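Predicted model, so just to flag it, every value in this text is computed and none were measured.
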Amino acid sequence: MADLSTSIAGVKLPNLFFNASGVCCQHEEELKTLLDSESGSLITKSATYEKRLGNPSPRYVPLPGLGSINSMGLPNEGYEYYLEYAKKYDYTHEKPLFISLSGLCLEDNVKMVEAFVTADLPCILEVNFSCPNVPGKPQLGYDLEAMENALNVLAPLIKKPFGIKLPPYFDIAHFDAAAAIFNKFDNLSFVTCINSVGNGLAIDFETETALIKPKDGFGGLGGTMVLHTALANVNAFYRRLPNKKVIGVGGVTSGKEAFLHVLAGASAVQIGTQLKEEGPQMFSRIKKELEDIMIAKGYKSLDDFRGKVKTL
Ligand code: DHB
């Protein structure tokens, strides 16, 4: 038997798989389908201070064989909805609850974090520094000074272990600079890599028309086409953040890509596009596929191969 259990922020997950924030997690009914699935955990849709309807549709389109493009524009119920959900959550459940927060400004993140801290719940916060889809708002993850300032404010407020969702980086100097900032914050316990590759453009050849409506067709790319960018980011931060964990996300459609994420250094693996396309029953398939790979390779636990990618 292969053991898929792991731990993040000091909390045990029965297996390493859960949804990427944004997929199947805006409403309680969707979260229920994750709870009923074989996922090892669940995370809520990124919350803003106020409820948002998001961008006009079509705003998510699958690109068969490649992945997906989206510009959802942060449709969500507002943080109070997710706070209420977190208050009602049954923490005797084996799946820990992650809450994603994505304030449109630092003040909003502060207000939301304060509300969660006051409620004193055992849920785990993942603060999103990387939403690329709000017109007129650059993402925090690409402004290192603003990101350090945000961490200087948020980390002491949160006090307990928390994580951040990062955009993909593409330059070694940026990995170095971002990691140097993250290492200054002891209770920054994990980084989740990667959010979508921002602002791609998908065009229909026949109609010569952009596939999604918001932002003249520009949107975040996810799925198979981002796998290698995701693996690089997971491994870059795994190497640079020796006292933190990395949650891998990007391009996982089967046990094989999940295996590669762990080999690159991931302690847990989130799934976005494939979950959106296949639905939560996907978790039982992917668990079985990873178990079969581990058994075939003689690995009994994730620790046996995490971060052990060989180089030439
Ligand atoms: C949305 C997209 C993201 O990549 C993200 O991190 C948060 C929100 C969105 O468009 O809804």
Side-chain angles (χ1 to χ4, degrees), residues 8-9 20-22 25-26 42-55 72-87 89 96-169 177-179 181-196 198 220 237 241 244-245 247 249 270:
I8 297 289
S21 178
C25 59
Q26 183 172 345
L42 68 168
I43 184 167
T44 54
K45 171 69 182 173
S46 280
T48 49
Y49 190 73
E50 309 272 9
K51 177 184 167 89
R52 289 171 58 91
L53 295 176
N55 294 336
M72 303 298 289
L74 270 166
N76 77 94
E77 303 307 301
Y79 87 96
E80 285 174 322
Y81 179 93
Y82 303 101
L83 178 58
E84 284 312 306
Y85 181 80
K87 284 181 180 171
Y89 191 76
L97 173 65
F98 289 74
I99 297 284
S100 173
L101 299 179
S102 193
L104 296 178
C105 58
L106 181 55
E107 292 68 38
D108 284 0
N109 273 330
V110 167
K111 285 189 285 183
M112 293 191 289
V113 161
E114 281 175 343
F116 275 89
V117 169
T118 301
D120 192 23
L121 303 166
C123 59
I124 303 160
L125 297 182
E126 183 188 89
V127 185
N128 187 357
F129 283 177
S130 51
C131 175
N133 295 334
V134 180
K137 295 273 177 184
Q139 51 174 293
L140 208 52
Y142 288 149
D143 182 340
L144 296 187
E145 209 179 296
M147 187 161 66
E148 181 164 4
N149 180 48
L151 286 168
N152 268 320
V153 174
L154 297 174
L157 269 183
I158 299 174
K159 290 185 206 77
K160 64 181 189 171
F162 75 105
I164 53 178
K165 178 79 168 276
L166 295 174
Y169 297 95
I181 293 169
F182 303 150
N183 277 324
K184 295 182 186 177
F185 300 92
D186 285 342
N187 66 322
L188 175 60
S189 167
F190 65 94
V191 296
T192 304
C193 307
I194 59 172
N195 208 316
S196 54
F237 287 112
L241 306 175
K244 305 189 191 299
K245 292 197 174 175
I247 300 181
V249 48
Q270 297 176 345

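Phe129 has its side chain out of reach of Asn195: every pair of non-hydrogen atoms, C-beta onward, lies at least 4.5 Å apart. No side-chain heavy atom of Val153 sits under 4.5 Å from any side-chain heavy atom of Asn109. Taking the side chain as every heavy atom from C-beta outward, Tyr79 and Glu50 never approach each other to under 4.5 Å. Between Phe98 and Phe190, some side-chain heavy-atom pair lies under the 4.5 Å cut-off. Side-chain contact between Pro96 and Ile124: present, with at least one pair of heavy atoms (C-beta onward) separated by less than 4.5 Å.
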One pair to check against side-chain contact (heavy atoms from CB on, under 4.5 Å): Glu114 and Leu157. What are the steps and the verdict?
CA-CA 7 Å; Glu114 281 175 343; Leu157 269 183; 4.0 Å; yes
For Phe182 and Phe237, what are the C-alpha separation, side-chain angles and deciding distance, and is it a ring-ring contact (aromatic ring centres under 6.0 Å, His included)?
CA-CA 10 Å; Phe182 303 150; Phe237 287 112; 5.8 Å; yes
Take Lys184 and Glu148, measure what salt bridge (Lys or Arg N to Asp or Glu O under 4.0 Å) needs, and give me the verdict at the end.
CA-CA 9 Å; Lys184 295 182 186 177; Glu148 181 164 4; 2.7 Å; yes
If you apply the rule side-chain hydrogen bond (donor to acceptor under 3.5 Å, both in side chains), what do you find for Ser130 with Gln139, and how did you get there?
CA-CA 5 Å; Ser130 51; Gln139 51 174 293; 4.8 Å; no
Leu97 and Tyr85: CA distance, side-chain angles, deciding distance, side-chain contact (heavy atoms from CB on, under 4.5 Å) verdict:
CA-CA 10 Å; Leu97 173 65; Tyr85 181 80; 3.8 Å; yes
Determine, stepwise, if the pair Ile158 / Val127 fulfils side-chain contact (heavy atoms from CB on, under 4.5 Å).
CA-CA 11 Å; Ile158 299 174; Val127 185; 4.3 Å; yes
Walk me through whether Thr48 and Asn76 qualify under side-chain hydrogen bond (donor to acceptor under 3.5 Å, both in side chains).
CA-CA 7 Å; Thr48 49; Asn76 77 94; 2.8 Å; yes
Verdict with supporting geometry, Glu84 and Glu77, side-chain contact (heavy atoms from CB on, under 4.5 Å)
CA-CA 11 Å; Glu84 284 312 306; Glu77 303 307 301; over 6 Å; no
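Judged by distance alone, the side chain of Lys244 and the main-chain N or O of Leu188 form a donor-acceptor pair under 3.5 Å. Using a distance-only test at 3.5 Å, with no hydrogens or angles considered, no donor-acceptor pair links the side chain of Tyr81 to the main chain of Lys51. Looking only at distances, no side-chain donor or acceptor of Asn128 sits under 3.5 Å from a matching main-chain atom of Ser46. A donor-acceptor pair under 3.5 Å links the side-chain atoms of Asn187 to the main chain of Lys159, judged by distance alone. Between the side chain of Ser21 and the backbone N or O of Ile43 there is no donor-acceptor pair closer than 3.5 Å. Between the side chain of Arg52 and the backbone N or O of Gly73 there is at least one donor-acceptor pair closer than 3.5 Å.
Atom CE of Met112 is separated from atom OG of Ser102 by 7.0 Å, given to the nearest 0.5 angstrom. To the nearest 0.5 Å, atom CG of residue Leu106 and atom CG of residue Asn149 are 6.0 Å apart. Taken from OH in Tyr169 to OH in Tyr142, the straight-line distance is 7.0 Å, to the nearest 0.5 Å. Atom CD1 of Ile8 sits about 10.0 Å away from atom CD of Glu126, to the nearest 0.5 Å. Distance check: Tyr89 OH to Leu121 CG gives 12.5 Å after rounding to the nearest 0.5 Å. Distance check, rounded to the nearest 0.5 Å: CG of Leu151 to CD1 of Ile164 gives 5.0 Å.
Here the shortest heavy-atom pairing between Ala155 and Phe185 reads CB-CD2, 3.8 Å. In terms of heavy-atom proximity, Ile99 sits nearest to Phe116 at CG2-CZ, 3.7 Å. Taking all atoms of both residues into account, the shortest heavy-atom contact from Ser189 to Pro161 is CB-CB, 3.6 Å. Summarising the geometry of Ala119 relative to Lys87, their closest heavy-atom pair is CB-CE, 3.9 Å, with the distance given to 0.1 Å. The two residues Leu166 and Cys193 make their nearest non-hydrogen contact at CD1-SG, 4.1 Å.
A cation-pi contact links Lys111 to Tyr49, judged by a cut-off of 6.0 Å to the six-membered ring centre and 45° from its axis.
A side chain to side chain contact (heavy atoms under 4.5 Å, CB included) with Leu74 is found for exactly one of Leu53, Val134, Asn133, namely Val134.
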